[in-house]
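In what follows, every chain begins at residue 1, and chains take the letters A, B, ... in the order their sequences are listed. Because the structure is predicted, anything quoted here is derived from the model rather than measured.
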Amino acid sequence: MQFQLPLIYPYSFELTTKRLRTFEKTSFVADGDKLSRTMHGSRGPLLCTVEPLAGENALRVEIEGALAEGEAEEIKRKVARMFSTQVDLTPFYEQMREHPVLAPVIAEREGLHFVLEPSLYECVVKTIIGQQLHVSFAATLIQRFQELAGSKAVFRGREWVLFPTPEQVARLKYEELQALQFNRRKAEYIIDFSRKVVNGELSLEALWSLSDEEVLHTLLPIRGIGRWTVECVLLFGLGRPDLLPAADIGLRNTLKRVYGLDHQPGEEEVRQWGESWAPYRSYVTFYLWDSLDNVK
DNA sequence: GGCCAGGCTAGCA
DNA sequence: TGCTAGCATGGC
């Protein structure tokens, strides 16, 4: 199946997918302009390939694999959501255009959009793995985790790994993740979380209809999930526009640099600044993170 | 070699 | 209620 997804200008495919080609390359495989990744379809593995359509202000999408009756529309919606094709950044840019400090940081990244994970489960697990680790080491762990627990599928004559399902992870033993250099507690967090999803104690699909606050209250009691993790899930899983992970060390380091401070700002300080960024705090956070990536 | 990473929990005051 | 050691490893 092939289809096109119209984009809302401004949209830069290059800026938007840059992080997928660098330290998030565990999800997507790049081939020139094209990016491919596997997804779970209702009838088995799918391969989704996305590329910009020159001069058309649209994405060209190809889906390989068996689709069920009526599944095509669902996949189109999912890919559109993943690549934020229907998000209009114009009001965000207008609000921030006069900002004394952030205006240039934002202007340099005109057209940068979120790329969301295809499933909330994948988002939560990757975020837990990434807690307080170097991004590059987290990527290594995610890779090993996928190889260990995920299914394989063959497309175009090569083997692709799928992100593990909750069922596959629920069957693992803690020791199997420890052998991949997960620490004991992180192994427990991930496997125990997966078991909650499998036994129905937690419905991730239900999160879509909840407010940010309600999502926070739903996920926070789960062991291994703190405020930062929920905020990342709201951002990168649900695509909510007004989140501020004020405790994030990367964000605080970036603010120190961008604002030219002599100290690393505390959580409260970050929240106070963030008030003037509402209702687009997620975008400011994301743009600042992007500027952090470029400094390293 | 030491300290810190895009945190979180358990244990202690 | 608030603070801190410990976690498992890589990078600087």
Side-chain angles (χ1 to χ4, degrees), chain A residues 18-20 22-27 102 105 109 112 114-117 122-145 147-148 172-194 196 202 215-240 243-259 261 263-271 273-274 277 281-296:
Chain A
K18 189 187 62 185
R19 46 196 300 119
L20 306 178
T22 54
F23 54 72
E24 281 180 29
K25 57 186 178 225
T26 48
S27 304
L102 298 179
V105 176
R109 295 171 174 74
L112 170 64
F114 294 157
V115 177
L116 306 185
E117 299 288 357
E122 179 169 340
C123 184
V124 172
V125 171
K126 284 182 173 175
T127 307
I128 293 175
I129 292 176
Q131 289 167 355
Q132 206 256 332
L133 288 183
H134 282 282
V135 184
S136 60
F137 183 51
T140 304
L141 291 183
I142 290 168
Q143 188 111 44
R144 291 178 189 164
F145 173 73
E147 295 283 341
L148 173 78
L172 295 178
K173 298 187 180 74
Y174 303 135
E175 292 74 16
E176 290 179 88
L177 291 186
Q178 285 181 275
L180 306 182
Q181 293 178 300
F182 285 64
N183 68 42
R184 173 74 187 195
R185 284 224 293 245
K186 204 167 272 198
E188 292 172 2
Y189 298 162
I190 290 164
I191 292 173
D192 292 349
F193 166 73
S194 304
K196 279 186 196 300
L202 174 68
V215 172
L216 198 63
H217 290 308
T218 305
L219 295 182
L220 221 40
I222 299 170
R223 197 162 161 271
I225 299 183
R227 190 182 178 102
W228 179 88
T229 302
V230 182
E231 287 169 335
C232 285
V233 171
L234 284 162
L235 254 152
F236 294 113
L238 292 159
R240 302 284 167 93
L243 264 294
L244 182 65
D248 181 83
I249 195 74
L251 179 62
R252 287 159 60 202
N253 285 339
T254 311
L255 283 172
K256 179 187 173 195
R257 180 171 51 78
V258 173
Y259 277 78
L261 306 174
H263 65 284
Q264 188 187 62
E267 194 172 334
E268 263 319 296
E269 212 174 338
V270 176
R271 286 197 196 284
W273 273 325
W277 310 338
R281 283 175 280 204
S282 297
Y283 297 112
V284 175
T285 300
F286 190 61
Y287 279 52
L288 286 169
W289 271 340
D290 189 75
S291 78
L292 175 71
D293 298 339
N294 288 340
V295 168
K296 272 181 187 169

Are [X] and [Y] packed together at the side-chain level, in the sense that at least one heavy-atom pair is separated by less than 4.5 angstrom?
| X | Y | result |
| --- | --- | --- |
| A:Arg223 | A:Arg185 | yes |
| A:Leu288 | A:Leu102 | yes |
| A:Leu148 | A:Leu177 | yes |
| A:Ile222 | A:Tyr189 | no |
| A:Lys186 | A:Gln131 | yes |

Between A:Trp273 and A:Tyr259, ring centroids under 6.0 Å: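 Yes.
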Any residue meeting side chain to side chain contact (heavy atoms under 4.5 Å, CB included) with A:Arg184, in chain and number order, not counting sequence neighbours: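 In terms of side chain to side chain contact (heavy atoms under 4.5 Å, CB included), with neighbours along the sequence ignored, A:Arg184 is linked to A:Tyr174, A:Glu175, A:Gln178, A:Glu188.
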Sugar-phosphate only, base, or nothing, as touched by A:Arg184 at under 4.0 Å among non-hydrogen atoms: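 Sugar-phosphate contact only.
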Sugar-phosphate, base or nothing in reach of A:Phe236, heavy atoms under 4.0 Å: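 If one applies the 4.0 Å heavy-atom cut-off, A:Phe236 turns out to touch a base.
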Span that lies between the [atom1] atom of [M] and that of [N], in whole angstrom:
| N | M | atom1 | value |
| --- | --- | --- | --- |
| C:dA5 | B:dC3 | C1' | 15 Å |
| B:dG11 | C:dA8 | P | 15 Å |
| B:dC4 | C:dT4 | P | 14 Å |
| B:dG6 | C:dG2 | P | 27 Å |

Where protein sits on nucleotides 7-12 of chain B, one letter per nucleotide: B base, S sugar-phosphate only, - none, heavy atoms under 4.0 Å: BBBS--
Mind calculating the distance between [atom1] ([X]) and [atom2] ([N]) to the nearest angstrom?
| X | N | atom1 | atom2 | answer |
| --- | --- | --- | --- | --- |
| A:Lys256 | B:dG6 | NZ | C1' | 16 Å |
| A:Leu251 | B:dC4 | CG | P | 19 Å |
| A:Leu141 | C:dC7 | CG | C1' | 13 Å |
| A:Leu292 | B:dA5 | CG | P | 11 Å |
| A:Leu180 | C:dG10 | CG | P | 13 Å |
| A:Phe137 | B:dC4 | CZ | P | 19 Å |
| A:Leu177 | C:dC7 | CG | C1' | 15 Å |
| A:Asp290 | B:dG6 | CG | P | 15 Å |

Any donor-acceptor N or O pair under 3.5 Å, side chains A:Lys126, A:Thr26: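 On atom types as modelled, these side chains do not qualify, holding no pair under 3.5 Å.
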Whether A:Arg252 side chain and A:Pro265 backbone form a donor-acceptor pair below 3.5 Å: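 Yes: the side chain of A:Arg252 pairs with the backbone of A:Pro265.
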Stem list, DNA chain C (Watson-Crick or G-U pairing under 3.5 Å, at least 3 consecutive pairs):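 Runs of three or more consecutive pairs: B:2-5 with C:9-12, B:7-13 with C:1-7.
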